[in-house]
Structure formats: C-alpha cells, structure tokens
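Below, chains carry the letters A, B, ... as their sequence lines are ordered, and counting in each starts from 1.
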There are 2 protein chains.
Amino acid sequence: MKNKKRTTIYDIAEKLNITASSVSRALNNSNYVNENTKKLILKTAEELNYKRNTLASNLRKGHSKTIGIVVPRINQNFFSNVIAGIEEATYQKDYNLIICQSSESQNKEIKCVNTLINQHVDCIVISVSVDGTDYQHLQNVLDHGIQLIQFDRVADELETLKVINDNEQASFEAVSHMIEQGYKRISLLEGPQNLQIFRQRKIGYLNALKKYDLPIIDELIVENAWTKELGAEATRKLLSLSEPPDAIFASTSDFSALGVLEVATAMGFKVPSQLGICGYSNEAFTELTSPSITTIDQFSSYMGKTIANLYFQEMENKEEIEVVPKIISIKPKLIIRSSTKKNGD
Amino acid sequence: MKNKKRTTIYDIAEKLNITASSVSRALNNSNYVNENTKKLILKTAEELNYKRNTLASNLRKGHSKTIGIVVPRINQNFFSNVIAGIEEATYQKDYNLIICQSSESQNKEIKCVNTLINQHVDCIVISVSVDGTDYQHLQNVLDHGIQLIQFDRVADELETLKVINDNEQASFEAVSHMIEQGYKRISLLEGPQNLQIFRQRKIGYLNALKKYDLPIIDELIVENAWTKELGAEATRKLLSLSEPPDAIFASTSDFSALGVLEVATAMGFKVPSQLGICGYSNEAFTELTSPSITTIDQFSSYMGKTIANLYFQEMENKEEIEVVPKIISIKPKLIIRSSTKKNGD
DNA sequence: TTGTATTCTGCAATCGATTGTCGAAATTAT
DNA sequence: ATAATTTCGACAATCGATTGCAGAATACAA
C-alpha cells in the first residue's frame with residue numbers, strides 16, 4: 001500500500017492557472033470568486049477526485065470538529081447506547097467521534113485523555129473509571145481550553161458540565177416499590193463508594209427505608225458487589241444468614257442482579273415469592289430471564305443526544321458568556337417486572 | 001470556553017533561547033541534541049504543560065496514526081465487541097479510532113467513508129450496510145492509498161483484505177446438528193441475499209439438507225426475516241401452515257430467533273420438543289431465555305484483534321511487497337443449548 | 001598548532017488549507 | 001469620458017511540528 005500522492009488545492013490551481021486561494025474560496029463557497037471559475041474549480045476538483053485534507057484545515061482553523069469520548073467499556077450496553085446517541089446527534093453537524101476505553105483503569109484513562117488533548121479535540125465526553133480518586137487530568141482538559149462534559153459516573157468535585165441520572169430518586173423509587181410489595185428485609189448490593197452514582201443509590205435506598213420506618217440492617221448491606229460474580233458471591237452469603245433478606249436490590253447493575261437470580265434459583269429460593277430482586281440499567285436480558293427482572297431504565301441513547309446537544313448549545317454561547325457549570329439530570333424510569341411482584345398483580 | 005493559547009514548541013524554544021528544531025528533536029528523543037539541553041527542554045515542557053499538537057505533527061508526517069471504523073450500528077453487541085477488540089490491540093500501538101455508524105444506510109455509509117478519507121486515516125475498517133449494492137466508495141478508499149479491511153459483511157467483488165467468519169461451515173454444522181437431533185422439516189429464516197454472509201449461510205443450510213437427503217421445501221424458506229419483528233411474523237405464518245416446520249434456523253440473528261421463540265411459545269408450541277430453534281451470533285441473552293437458545297459464536301472480540309493485527313502486519317510489508325488481497329476466515333463455534341435438544345440429552 | 005572527526009544547533013523549507021490585504025479589472029454612476 | 005464603486009484574484013503569512021542541510025563548537029589525535 002504505497003502512499004499515492006493525493007490531489008491538493010495546489011494541483012487544482014495549477015491545472016487552471018489560478019492560485020490556491022481562489023480554489024480554497026471556491027471550495028468554501030465564498031462570494032469573492034467568480035461564479036464561472038467557481039463552477040470550473042468544483043468540476044475540476046471532482047475530476048481529480050480531490051478530498052480536502054482535514055488535518056491541514058483544522059490546523060489552520062484551530063479546531064478539529066471532533067469530540068473525544070472516554071468510557072470504561074465500549075461494549076457495555078449502557079455505554080454503547082450513549083455513544084450511539086452522541087453519534088447520531090453529532091453526525092448531522094459534521095463532527096467526528098474519537099472513542100477510547102479506559103478499561104476501568106485510571107492509568108489508561110489518563111493516557112486516553114492526554115491523547116485526546118493532543119488531538120486537539122473540541123470537547124471531551126467522559127464517564128470515569130471505577131478506580132478513580134484523583135482528577136488532575138480532567139482539570140488539565142479544562143486548562144487547555146477544551147470543553148469537558150462528564151456523564152453518568154462523574155467526579156462531583158470538578159465543576160464541569162454534567163449529564164447524569166437522578167440515581168438517588170430512582171433508587172428511592174425502586175426500594176419503595178419493593179417495600180410496597182411487602183418485602184421487609186431488603187438487602188443492598190452497593191458499588192464502590194468513591195463513585196458518586198453508587199453513593200447516591202445508597203442514599204436513595206436508605207431514604208426509602210426511613211420513609212417506611214424500616215430498620216437499617218448492616219449485615220444486609222454488601223459493599224462492592226458490582227459484577228455478576230460478586231453479586232453471586234454476596235447472595236450466597238446473604239441467603240445463608242440465619243435471617244436472610246426477603247429481597248435484594250442490586251443497585252450496581254443488572255449483571256449483579258443476574259448473579260443474584262442464578263444463585264437464588266440454585267439455592268431453591270423462589271423468586272419473587274420468597275426473594276424479590278431488582279437490578280439497575282435495563283439491560284436487554286432483564287426482560288428475558290425467568291422470572292424477568294425489575295430494573296431501572298436510564299434512557300441511555302437519549303442521554304447521548306442530550307450530551308451532544310448540551311455541547312452545541314454551549315458552543316453557541318462560547319464568546320459571550322462565561323461558562324457556568326451546568327448539570328442536566330435525567331430522571332430514570334423504574335421498570336417493574338416479575339422479579340418483584342410478591343403481590344402477584 | 002475561550003480558546004486559551006496553548007504552549008507550542010516555539011514557546012519552549014523562546015524561553016530557553018534556542019530554536020524550535022532543538023525542542024522538537026528533544027521531544028522526539030533524537031540523538032542530535034545535547035543531553036543537558038534535552039533534560040532542560042523536557043523539564044520546561046512539563047512546566048509549561050506542553051502538549052504536542054498531533055494535527056500539525058500528522059500533517060507534516062503525512063499520516064495520522066488513526067484507524068477509521070464504519071459499522072451499521074455501534075450499539076449492536078457483535079459490532080461493539082469487535083470495536084472493543086480493535087481498540088485493545090491498537091491502543092498499545094498508540095493508534096486512535098474514529099468511529100462512525102452507517103445506521104444500515106448506504107448513503108450515510110458513503111458520507112462516513114468520505115469523512116474518514118478527509119481525515120487522512122491510515123486505514124478504514126468496514127462492515128457494509130445491509131442495503132449496499134454499489135461499492136464505488138470503497139474502491140475510492142483504495143484509490144486514495146488508504147488501507148481497507150472489510151470484515152463480516154463484506155463486498156466480495158472487491159479485492160481487499162477481509163476478515164470473515166466461515167458462515168457456510170457454521171451454518172452447515174448448525175443444521176446438521178438439528179437433523180441429528182431428529183428434526184426433519186427445518187425452516188430457514190434468511191437475510192437479504194445481496195449480502196454475502198447471508199448467501200453463505202443459506203448454502204450451508206442447503207448443503208446440510210443435501211448431506212442427509214432431506215428435501216428442500218420452498219415454503220419453509222423465508223426471505224428477509226432478519227429482525228425480531230420479522231422473525232416473529234415469519235414464525236406466525238410458518239406455524240400456521242398445514243404442515244408446519246419442526247425446527248427453525250434463524251440464520252440472520254439471535255434477535256430473530258428470539259422472535260421465533262416468543263411467537264412459538266405464545267402459540268403453544270413446545271420448544272424444543274415440538275419445535276427446535278437455532279439463532280446466530282451468541283448474543284448474551286441467548287443463554288438466559290427459557291429454554292436457552294442454541295446459537296453460533298463468532299468470537300467477535302477476537303475478530304477485532306485479528307483485524308488490528310492484520311493491519312499492523314500489512315503495514316510492515318508496505319514498502320516491499322505489493323499488497324495481495326488476503327482473506328482471514330475465523331471458524332465460528334456452534335453453541336448447543338436447550339432449544340435444539342429434542343433428544344433431551 | 002594544525003587537522004580531522006564528532007557532536008550539536010540553527011536555518012529554512014515543508015505538510016495543505018485558510019484568510020487579511022491590496023491592487024487590477026469590471027461595473028456602475030455622474 | 002471620468003470618477004466611484006464593486007468584484008475578483010494574487011500574494012504572503014499563518015497554523016505547529018518536522019527534517020535535510022550546513023555550519024559552529026567541541027573533542028581528540030598527530
């Protein structure tokens with residue numbers, strides 16, 4: 001694959017005996033070029049199969065019409081849906097997406113962010129990795145004059161644009177629903193508490209217990225049970241307690257809820273009559289398990305569109321107004337399925 | 001968000017009273033710069049929070065260390081896994097990924113490809129959209145000296161690098177398996193026949209019937225049933241036939257297999273005893289339905305890595321050897337689950 | 001001290017597109 | 001026909017990093 005020489009505006013100019021400036025103007029549809037020459041230039045460009053060199057153009061213009069995205073995992077449903085949503089909205093405005101995955105490692109996340117800064121992206125959209133504690137690299141993005149939008153998993157101490165879900169409210173509703181169904185000893189599988197989303201979900205859980213005057217039982221709250229395997233392991237322990245829970249809220253993900261379901265079934269617990277289960281995220285499979293799993297839908301693709309639109313909106317104001325940190329909160333929706341229908345309605 | 005001026009090598013040069021050349025050399029770890037000045041430059045770069053402008057660098061160097069990817073849908077399991085695989089392999093070599101989705105429209109696909117050409121990507125990795133018939137835009141990629149790798153859904157008439165699954169063989173094995181389980185009237189849900197993958201799957205099906213001396217029954221072969229809805233619709237018709245099939249091979253996707261399962265269950269057909277079902281792709285949910293669905297795993301993430309490595313390998317040879325069209329075929333694996341266990345082993 | 005080799009550094013061109021400035025040509029007004 | 005105005009296109013600088021070439025500085029040997 002030898003690198004054939006590509007036609008440039010100079011080639012077009014030379015062929016027509018004019019200067020590159022005119023070619024550039026014609027290609028950018030400027031008025032300051034004769035209608036006829038413009039047509040001629042366009043025709044010649046077509047003939048020579050000319051393609052603009054975006055690199056050169058961006059270098060000159062000082063921006064790249066590119067948005068960088070950093071997520072923990074590209075192939076996780078929630079994230080790929082958000083990305084698809086962003087893509088849809090940005091595509092129309094001729095923006096490109098550069099996508100990186102941090103693989104849940106802050107080290108890699110930092111490298112990704114640096115690459116994106118080097119690339120002169122106009123905006124970085126990020127959902128931070130699970131092991132993050134320090135956010136200097138995000139501050140750095142801001143220092144370079146690059147727009148930064150955090151979503152879902154956000155570093156709350158950083159004042160940036162944020163698009164999040166109302167985790168606390170969703171969690172509160174989910175647990176309230178379970179209580180209303182008659183569950184009394186509801187266990188919480190919680191995620192790493194350095195992430196705001198997991199803290200908020202816990203608060204929602206606690207608030208619901210409080211509202212219904214249920215006691216907080218420490219042995220029913222399990223830290224760090226946020227994968228299928230960890231969820232399964234936690235369930236094994238919980239269901240072996242002298243007083244096991246009658247419901248488990250896998251606030252971390254549907255995957256951990258799936259772990260719960262499998263272990264519970266294997267141990268002979270009937271779902272939902274003996275054990276209620278609620279997950280988080282509305283992964284496609286939650287509809288297909290038996291019983292189907294109650295969960296929370298985060299409107300992931302809509303979230304992506306929201307992120308993109310937020311960016312465009314901020315761009316329009318960029319000259320006039322000093323950027324204020326803005327937070328858009330999307331209200332997730334509780335999807336009630338069989339796994340929590342103790343009443344059997 | 002005002003665009004703060006970023007530090008350049010000139011800023012560093014000025015501060016140290018040297019020229020930008022030396023700074024550049026130091027940053028690229030060239031030998032032709034004094035050890036001490038090199039250290040000083042590196043230190044100053046750090047202090048000024050210097051970040052290389054990749055745009056300028058790439059423009060000068062004539063390549064972008066970027067790979068463009070075009071897939072029908074980012075958020076489809078198979079594709080997002082392939083992308084994740086590519087990302088993993090390319091990340092280590094400091095390559096970036098620009099990702100586009102064609103949304104199954106060839107028009108958008110063409111636009112995406114053009115954007116990527118403009119971006120001077122070094123390689124384009126593509127799985128074509130379902131409505132594709134003309135592949136001039138892919139030829140154009142080649143004409144611009146850009147490496148082109150097709151995967152999964154490939155335009156077979158174009159001589160490029162390809163990474164595909166052995167669809168024919170996989171399909172043959174799946175149908176053979178069903179026949180061996182005792183199914184005799186096996187229906188085929190086929191995908192749009194302009195795509196090679198679907199043609200190959202049909203051939204595999206036909207070959208299996210032939211091998212076992214089963215007749216080809218036209219009314220059991222349904223065109224264009226490649227979504228969940230179309231699969232469901234097709235099943236409704238099939239199961240209403242005077243002589244309905246005793247098995248359905250949803251060669252298009254697991255989604256259509258899911259449609260089959262739901263309709264069959266609703267119509268009172270027992271799976272697998274009265275009706276066998278086999279899907280394609282090994283989507284996560286196939287394990288979770290009841291009964292779980294027999295399907296074919298395509299090693300998607302491995303496929304991604306293979307694609308990336310193929311590119312790097314070709315790059316190494318690029319000077320010496322003329323590029324020959326090369327096809328890497330990955331053998332998918334039949335995953336036998338409950339939905340085809342007529343024998344009940 | 002002179003000569004040769006080696007290490008370092010600066011100059012200037014280059015990648016391709018864009019854009020402010022200025023003068024020439026064409027058009028309109030007087 | 002002359003002046004005033006508009007339209008058009010060329011020139012050259014610019015974006016930031018890289019690199020071939022040449023010359024300066026230093027080290028070392030004779």
N/O donor-acceptor pair under 3.5 Å between [X] side chain and [Y] backbone:
X: A:N194; Y: A:V130; value: yes
X: B:Q101; Y: B:I74; value: yes
X: A:S103; Y: A:S105; value: no
X: A:T44; Y: A:I12; value: no

Any side-chain N or O of [X] below 4.0 angstrom from OP1/OP2 of [N]?
X: B:N53; N: D:dC15; result: no
X: A:S24; N: C:dT18; result: yes
X: B:Y50; N: D:dA17; result: yes
X: A:T19; N: D:dG9; result: no
X: B:T37; N: C:dT9; result: yes
X: A:R6; N: C:dG16; result: no

For A:I18, answer base if it contacts any base atom (sugar-phosphate contacts may also be present), sugar-phosphate if it contacts only those atoms, and nothing otherwise; contact means non-hydrogen atoms under 4.0 Å.
sugar-phosphate
With a non-hydrogen cut-off below 4.0 angstrom, is A:N58 in contact with a base, only sugar-phosphate, or nothing?
nothing
First encountered from the 5' end of DNA chain D, between A:Y10 and A:R25:
A:R25
Pick from B:I197, B:D152, B:I327: which one makes a side chain to side chain contact (heavy atoms under 4.5 Å, CB included) with B:I164?
B:I327
Side chain to side chain contact (heavy atoms under 4.5 Å, CB included) with A:Y135: which of A:V128, A:N140, A:T160?
A:V128
Between [options], which one does the side chain of [X] approach most closely?
X: B:S22; options: C:dG10, C:dA17, D:dA17; value: C:dG10
X: A:T8; options: C:dA17, D:dG9, C:dC8; value: C:dA17
X: B:S21; options: C:dG16, C:dA12, C:dA17; value: C:dA12

At how many degrees, to 10°, do the end axes of the helix from C:dT1-D:dA30 to C:dT30-D:dA1 meet when each uses five pairs?
50°
Whole Å only: how far is the [atom1] atom of [X] from the [atom2] atom of [N]?
X: A:K61; N: D:dA13; atom1: NZ; atom2: P; answer: 22 Å
X: B:I41; N: C:dC8; atom1: CD1; atom2: C1'; answer: 11 Å
X: A:N29; N: C:dT18; atom1: CG; atom2: C1'; answer: 15 Å
X: A:N31; N: D:dG9; atom1: CG; atom2: C1'; answer: 14 Å
X: B:K38; N: C:dT9; atom1: NZ; atom2: P; answer: 11 Å
X: A:E14; N: C:dG16; atom1: CD; atom2: C1'; answer: 15 Å
X: A:Y32; N: D:dG9; atom1: OH; atom2: C1'; answer: 13 Å
X: A:L16; N: D:dA10; atom1: CG; atom2: P; answer: 10 Å

Using nucleotides 25-28 of chain C, report all nitrogen or oxygen pairs with the protein that are shorter than 3.5 Å.
none

Would you please test B:T37 and B:S22 for side-chain contact (heavy atoms from CB on, under 4.5 Å) and show each step?
CA-CA 9 Å; B:T37 22; B:S22 297; over 6 Å; no
Quick note, ring-ring contact (aromatic ring centres under 6.0 Å, His included) partners involving residues 72-106 of chain B, not counting sequence neighbours, are B:Y95-B:Y311, B:Y95-B:F312
Audit row: A:K108, B:E87, salt bridge (charged side-chain N to carboxylate O under 4.0 Å, His left out) steps and yes/no
CA-CA 12 Å; A:K108 189 167 173 200; B:E87 201 278 343; 3.1 Å; yes
B:E46 atom CD, over 12 foreign heavy atoms within 6.0 Å:
no
